Trainee: 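Got a structure for you, written out below as structure tokens; questions coming shortly.
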Amino acid sequence: MATQKLVVKCNVCGTEFELPEDVMDGEITSCPTCGARYIVRIKGGAVSLEEFKGDVEDYGE
Ligand SMILES: [Zn+2]
């Protein structure tokens, strides 16, 4: 049984990068090239990226 690699593609710069095999649905990841943030979505063994519109850097005034 082959190990399944979780490779995703950045929507911003097109870089393909690999997620840790123990990545969880809803986890935040970022592109190693451009730093764009995504939410990891895992459904039925397929992994995809959802645009992250979070407020991690947006607190304060
Ligand atoms: Zn990118």
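Keep in mind the model is a prediction, meaning the values are calculated, not measured. The first residue in the sequence is number 1, and the count goes up from there. Both counts, for ligands and for their atoms, begin at 1 and track the order of listing.
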Trainee: Please report the closest heavy-atom contact between Ile39 and Glu51, naming both atoms and the distance.
Mentor: CD1-O, 4.2 Å
Trainee: Can you tell if the side chain of Asp25 reaches within under 4.5 Å of the side chain of Arg41, non-hydrogen atoms only?
Mentor: yes
Trainee: Give the total of protein N/O/S atoms at a distance below 2.8 Å from the Zn ion (ligand 1).
Mentor: 4
Trainee: Mind checking the CG-CD spacing from Leu6 to Glu18? Nearest 0.5 Å is all I need.
Mentor: 7.5 Å
Trainee: Could you grab the distance from atom NZ of Lys5 to atom CD of Glu21, nearest 0.5 Å is fine?
Mentor: 10.0 Å
Trainee: Under 4.5 Å between any side-chain heavy atoms of Tyr38 and Cys10, yes or no?
Mentor: yes
Trainee: Closest approach of Thr29 and Phe17, non-hydrogen atoms and distance?
Mentor: OG1-CE1, 4.0 Å
